[in-house]
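First listed ligand is number 1; within each ligand, the first listed atom is number 1. Just so you know, these numbers use all the heavy atoms, side chains as well, and skip hydrogens, waters and symmetry mates.
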Amino acid sequence: MAAYLLDSFAVNFSNKYMSSRYKEPAPIKDLLNPLDSMMERFSEATKILGLDDSTYDALKSPEKSVTVNLSVTMDDGTIKIFEGHRVIHSANLGPSKGGIRFSMGVTLDEVKALAAWMTWKCAVVGIPYGGAKGGIKCDPRTMSAGELERLTRAYTNSMSNVFGPERDIPAPDVGTNPQTMAWIMDEYSKLKGVSSPAVVTGKPIVLGGSNGRIEATGRGVMVSARSAMGKLKMNPSKSTAAVQGFGNVGSISAKLMEEQGVTIVAISDVSGAYFNPNGIDIQDAINFTSKNNGTLEGFTKGEIISNDELLELDVDVLVPAALEDQITAENASRIKAKLIVEGANGPTSSGADKILNDAGIMVIPDILANAGGVSVSYFEWVQNRLGYFWTEERVNRRADRIMKQAFETVYQASRKYKVDMRIAAYIVAIDKVASTKRLRGTY
Ligand code: NAD
């Protein structure tokens with residue numbers, strides 16, 4: 001698979017991708033930027049699909065992008081202005097869906113790219129949503145609960161004609177949580193004069209959140225790993241795995257894979273990595289972190305190794321579930337796992353893809369492997385609209401079915417087009433969004 005690289009890394013994201021698609025194949029080089037990596041794969045998939053230029057141009061740019069400046073009274077009485085964005089990349093398949101990020105790193109270009117990512121993720125698992133993302137440039141760690149509440153309500157007020165259960169449905173992302181979603185739901189409901197729980201997902205259960213949402217992403221990672229192990233004829237009970245990251249996604253993926261018989265020989269978090277060739281008792285590790293401020297620091301049931309060493313362990317399955325750009329052109333040739341299941345968003349750079357593919361390593365891409373979370377967010381929205389709540393067992397059964405079907409569709413596409421699972425997932429997603437766009441027509 002050829003890598004199509006940009007001629008200049010210095011220009012910003014929008015400038016790069018507002019021009020025509022890449023023409024010249026270039027030597028493999030690592031872009032080391034998840035957003036660049038995403039657009040490179042998008043471009044490669046559209047070439048294979050033979051997508052016409054006008055549809056390509058329409059899909060690479062967002063449908064709508066709204067920027068607001070929010071005045072918020074701080075606890076000390078001063079008034080501070082915060083810049084916020086909401087980008088609707090596509091609403092072809094249904095109302096747009098995507099998280100809201102509170103971080104000092106938020107930029108409009110980043111939000112645009114993350115919104116596109118949501119479009120592909122929703123399309124690949126076949127849920128009736130388009131893609132969106134929102135963000136406010138702020139540092140939530142230095143703000144009081146009152147300041148965060150006023151900021152969230154001001155943002156919701158500004159976006160009251162963007163958000164809506166049938167228009168655009170936010171969710172938590174970096175720096176936001178179920179409490180933030182509760183404020184959005186309350187403010188939106190007051191503005192519209194109706195109770196409107198379906199305007200956001202990821203709410204606390206008592207306010208209409210869904211059973212199973214907290215575990216949903218890790219559960220989807222486990223289901224994807226099981227599906228892939230079936231194709232590779234790997235016996236879970238005779239397989240080992242290493243999991244990078246021990247937060248929501250990493251710890252639950254590890255726990256559920258262990259329940260499937262896989263021996264988890266290494267886990268890690270920001271404090272370092274812990275290796276035990278006989279297997280780590282994952283419930284024991286979860287109990288440890290819950291009494292230890294959420295970290296594995298001081299965990300003694302494994303030898304301490306570095307996070308880099310964890311990635312290169314001689315295991316059958318590797319689950320990166322922490323950060324972007326962990327597997328790159330630099331370390332990809334030292335990866336020994338036969339299967340990589342991407343719990344995190346963007347853990348593998350595009351420069352690593354070909355190296356892993358040539359080595360015969362199957363990679364289940366983020367837009368498929370971690371889509372269990374958005375699938376159960378969709379169930380939350382369905383339950384809110386029905387006013388009827390499902391048991392956790394029903395949520396899990398239906399989410400598992402979505403994940404298995406999506407895996408099989410992507411696997412068949414990878415056979416048909418003779419591409420790896422990542423490009424196959426982009427092909428499935430782009431084909432679906434492009435054909436819907438054509439059917440809906442244009443002015
Ligand atoms: P989290 O904050 O709960 O956990 C992150 C974990 O990564 C923590 O254990 C942290 O210590 C660890 N970590 C941080 N830096 C590290 C480092 N340098 N080396 C090793 N570990 C490190 O976050 P999460 O919700 O589990 O999300 C993890 C990834 O999964 C992110 O990429 C996120 O975008 C993606 N994701 C999450 C969801 C979801 O529903 N939570 C859904 C889709 C994708």
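- Among protein heavy atoms, the minimum distance from atom 19 (N) of ligand 1 is reached at N307 ND2, 3.1 Å.
- Both tests do not hold together for K97 against Y378: distance to the six-membered ring centre under 6.0 Å, angle to the ring axis within 45°.
- Closest to atom 5 (C) of ligand 1 by heavy atom, among P320, G343, G99, G247, is G247.
- Once rounded to the nearest 0.5 Å, the distance linking CH2 of W183 with CG of L148 reads 5.5 Å.
- With atom 24 (P) of ligand 1 as the reference point, the heavy atom nearest to it among N345, I267, D269, V249 is part of V249.
- Remark: distances from the non-hydrogen atoms of G373 to ligand 1 are all 4.0 Å or more.
- Between F379 and W390, the two ring planes are tilted [angle within 30° to 60°].
- Considering only non-hydrogen protein atoms, atom 10 (C) of ligand 1 sits nearest to V270 N, 4.0 Å.
- Scanning the protein heavy atoms around atom 40 (O) of ligand 1, the nearest turns out to be T217 OG1, 2.7 Å.
- For ligand 1, the atoms closer than 4.0 angstrom to any heavy atom of R213 are 40 (O).
- For the pair D75 and R150, the salt-bridge criterion is met [side-chain N within less than 4.0 Å of a carboxylate O].
- Protein heavy atoms are absent from the 4.0 Å sphere centred on atom 2 (O) of ligand 1.
- For the pair N92 (side chain) and G130 (backbone), a donor-acceptor distance under 3.5 Å is absent.
- Counting only distance, with no hydrogens or angles, the side chain of E380 and the backbone of K203 share a donor-acceptor pair below 3.5 Å.
- Distances from atom 26 (O) of ligand 1 to the protein include at least one heavy-atom value under 4.0 Å.
- Remark: ligand 1 atoms within the under-4.0 Å shell around heavy atoms of A344 are 29 (C), 30 (O), 32 (O), 35 (C).
- Closest approach of I340 to I335, counting heavy atoms only: CD1-CG2, 4.1 Å.
- Residue contacts with ligand 1: F246 is placed with a nitrogen or oxygen under 3.5 Å of a nitrogen or oxygen of the ligand (distance criterion only).
- Residue contacts with ligand 1 for E297 are absent, since no atom lies close enough (heavy atoms, distance under 4.0 Å).
- Considering backbone and side-chain atoms alike, G250 places every N or O at 3.5 Å or more from each N or O of ligand 1.
- Between N248 and ligand 1, at least one pair of N/O atoms sits closer than 3.5 Å.
- Under a 4.0 Å N-O distance rule, the pair E312/R334 qualifies as a salt bridge.
- Nearest protein heavy-atom contact of atom 7 (O) of ligand 1 is A322 CB, 3.4 Å.
- Among the atoms of A321, none of the N or O lies under 3.5 angstrom from an N or O of ligand 1.
- Of the possible polar contacts, none joining the Q244 side chain to the P320 backbone as a donor-acceptor pair under 3.5 Å is found.
- Looking at ligand 1, you won't find any N or O of N370 less than 3.5 Å from one of its N or O atoms.
- Shown here is K336, whose NZ atom has more than 12 heavy atoms of other residues, nucleotides or ligands within 6.0 Å.
- Only the side chain of L323 comes within 4.0 Å of ligand 1, judged by heavy-atom distances.
- Salt bridge present: R153 and E149 bring a charged side-chain N and a carboxylate O closer than 4.0 Å.
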